[in-house]
Structure formats: structure tokens, C-alpha cells
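In what follows, a single structure is set out as C-alpha cells and then discussed.
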Amino acid sequence: MSSISMPATDSQPTAAEYLARAVALATENVRDAGGPFGAIVVSADGQVFEGVNRVTANLDPSAHAEVTAIRAACQGLGTFDLTGATLYTSCEPCPMCLATSLWARIDRVYFAADRHDAADAGFDDAVFYRYFEGGPEDRAIMPVAQEQLSSDERVAPFTEWNANTSRTEY
Ligand SMILES: Nc1nc2[nH]cnc2c(=O)[nH]1
């Protein structure tokens with residue numbers, strides 16, 4: 001989803017209007033067999049890209065509304081760098097969506113509901129924040145077995161990367 005469906009006016013919509021549109025997208029998406037999340041990316045030059053949660057519909061755990069909107073913006077603008085863009089989302093970005101926003105170099109995020117509202121509706125956003133922000137005891141609540149198996153070749157990809165003078169940095 002990347003169409004522009006904001007009302008056509010001469011002036012730029014306000015942050016509250018973009019946010020209301022993201023919330024409306026989220027509600028509509030539930031009726032379209034999606035999760036209750038919607039998001040909008042507005043590029044530095046005012047172009048609007050929409051996204052909704054399609055995790056269960058697309059069998060894609062990464063298809064959160066924010067990620068979907070960021071993908072639409074990047075594809076639509078032909079770039080992986082959304083410097084100057086603003087993300088409006090119906091709910092506080094989860095850690096994955098926040099990290100995706102960081103990698104996309106998004107400038108600013110506005111959200112409506114928060115992680116606690118999401119928790120009340122049965123989503124793990126607040127649990128995942130605890131996982132990343134807390135100590136070892138917080139990570140024990142949802143263990144992901146993670147272990148470094150170091151080898152002499154472990155930095156070979158980075159060596160190759162730095163030697164590649166035609167690399168595209170991001
Ligand atoms: N912010 C946000 N939180 C979620 N939790 C589960 N899915 C989503 C999503 O699409 N967006």
C-alpha cells in the first residue's frame with residue numbers, strides 16, 4: 001500500500017491529521033484481515049506513503065505497519081535513505097520498527113497509542129522493550145538462544161566490504 005489518499009488541500013496536513021489517517025488505516029486494516037496497526041511516511045518534500053500490518057496475511061513477521069510504510073517510501077522514492085522524513089504511526093513503534101526507522105534515517109516519529117495500549121490488546125511490544133532495555137533477568141522472560149561461535153574468518157566479510165571501493169554505504 002503506497003497510494004496517497006489524504007484530502008487534497010492547498011496546505012500541508014497537520015501532524016494530528018496525518019496521525020488520524022494512520023489510526024484510520026489501522027482500524028480499516030482489521031476489517032481486511034490485518035493487524036490493528038497503520039503508518040504513514042511523509043518524505044522531506046511532502047510525498048505520502050502508507051503501510052499497514054500484514055504479518056498474518058503475508059506470513060511475514062517483519063510486515064509491521066511501520067516497516068511496510070518505510071518499504072513503500074523507499075521503493076516509491078528509489079532510495080534506502082529517508083533523511084528528512086517523518087513517520088506517523090497508530091501505535092508506538094516496536095523495537096524492530098524503531099530500529100528500521102533508525103536504519104532508514106527517519107528524522108521524527110509521531111505515534112498515537114503506546115506500547116501499554118498494545119499490551120492491553122495482546123501484543124508483545126512492551127515485553128520486547130523490556131527484553132532490550134532490561135538486564136539479564138528481563139531477557140530470561142523470553143529467551144532467544146544466542147551464542148557467538150568465533151572463527152578467524154569472522155571479519156572476512158567486513159574486510160571484503162572495506163576493500164570494495166565501489167561499495168554503497170548505508
Ligand atoms: N507499532 C507496532 N506494533 C506492533 N505490534 C505488532 N504488530 C505491530 C505493528 O505493526 N506496529
Side-chain angles (χ1 to χ4, degrees), residues 1-6 12-44 46-77 79-146 170:
M1 176 182 295
S2 63
S3 63
I4 301 167
S5 44
M6 296 298 295
Q12 189 82 345
T14 64
E17 287 168 338
Y18 280 129
L19 205 49
R21 173 69 187 147
V23 173
L25 283 173
T27 306
E28 286 164 20
N29 193 47
V30 175
R31 299 181 197 123
D32 191 25
F37 302 92
I40 294 175
V41 170
V42 181
S43 65
Q47 295 184 65
V48 178
F49 301 89
E50 298 178 342
V52 290
N53 179 296
R54 302 308 290 167
V55 170
T56 57
N58 293 359
L59 307 180
D60 178 359
S62 71
H64 282 199
E66 297 89 330
V67 173
T68 305
I70 288 169
R71 286 181 183 148
C74 288
Q75 295 301 309
L77 296 168
T79 181
F80 49 80
D81 185 340
L82 298 178
T83 296
T86 301
L87 172 68
Y88 300 88
T89 171
S90 65
C91 185
E92 180 178 5
C94 77
M96 172 183 73
C97 296
L98 186 57
T100 305
S101 302
L102 289 166
W103 278 112
R105 313 302 175 188
I106 285 193
D107 274 25
R108 181 181 281 261
V109 179
Y110 290 99
F111 61 88
D114 64 22
R115 66 184 81 173
H116 307 294
D117 297 317
D120 289 345
F123 291 93
D124 280 336
D125 300 52
V127 176
F128 290 167
Y129 268 105
R130 246 182 84 195
Y131 181 95
F132 287 113
E133 292 173 350
E137 69 284 0
D138 293 299
R139 281 189 279 284
I141 52 176
M142 209 169 242
V144 179
Q146 184 182 223
Y170 63 95

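Counting from 1, the numbers follow the sequence of the chain as shown. Whatever order the structure lists ligands and atoms in, that order sets their numbers, starting from 1.
Ligand 1 has no N or O atom lying under 3.5 Å from any N or O atom of T89, backbone or side chain.
Residue R105 places its CZ atom among more than 12 non-hydrogen atoms of other residues, nucleotides or ligands, all under 6.0 Å distant. Within a 6.0 Å radius of CD in Q75, no more than 12 heavy atoms belonging to other residues, nucleotides or ligands are found.
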Using the side-chain hydrogen bond (donor to acceptor under 3.5 Å, both in side chains) rule, take D60 and S62 through it: C-alpha gap first, then chi angles, then the decisive distance, then the call. CA-CA 5 Å; D60 178 359; S62 71; 2.6 Å; yes
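When hydrogens are left out, the protein atom nearest atom 3 (N) of ligand 1 is D125 OD2, 2.6 Å; that is the closest non-hydrogen contact. Given atom 9 (C) of ligand 1, the protein heavy atom at minimum distance is F37 CG, 3.3 Å.
When the options H64, M96, E66, R54 are ranked by their closest heavy atom to atom 1 (N) of ligand 1, first place goes to E66.
Atoms of ligand 1 found under 4.0 Å from any heavy atom of F123 (numbered from 1 in listed order, with element): 6 (C). Within ligand 1, counting atoms from 1 as listed, the ones closer than 4.0 Å to a heavy atom of E92 are 1 (N). Near N53, meaning under 4.0 Å from one of its heavy atoms, ligand 1 places the atoms 7 (N), 8 (C), 9 (C), 10 (O).
When the salt bridge (charged side-chain N to carboxylate O under 4.0 Å, His left out) test is applied to E133, the partners found at least two apart in sequence or on another chain are R115.
Ligand 1 lies out of reach of A118, whose nearest heavy atom is not under 4.0 Å from it. Residue contacts with ligand 1: G35 is excluded, as none of its non-hydrogen atoms falls under 4.0 Å.
Relative ring orientation between Y170 and W103 is described as tilted, the plane-to-plane angle lying within the 30° to 60° band.
Using a 4.0 Å cut-off between a side-chain N of Lys or Arg and a carboxylate O of Asp or Glu, R130 and D138 qualify as a salt bridge.
Ring to ring, F123 and F37 are close: their centroids are under 6.0 angstrom apart.
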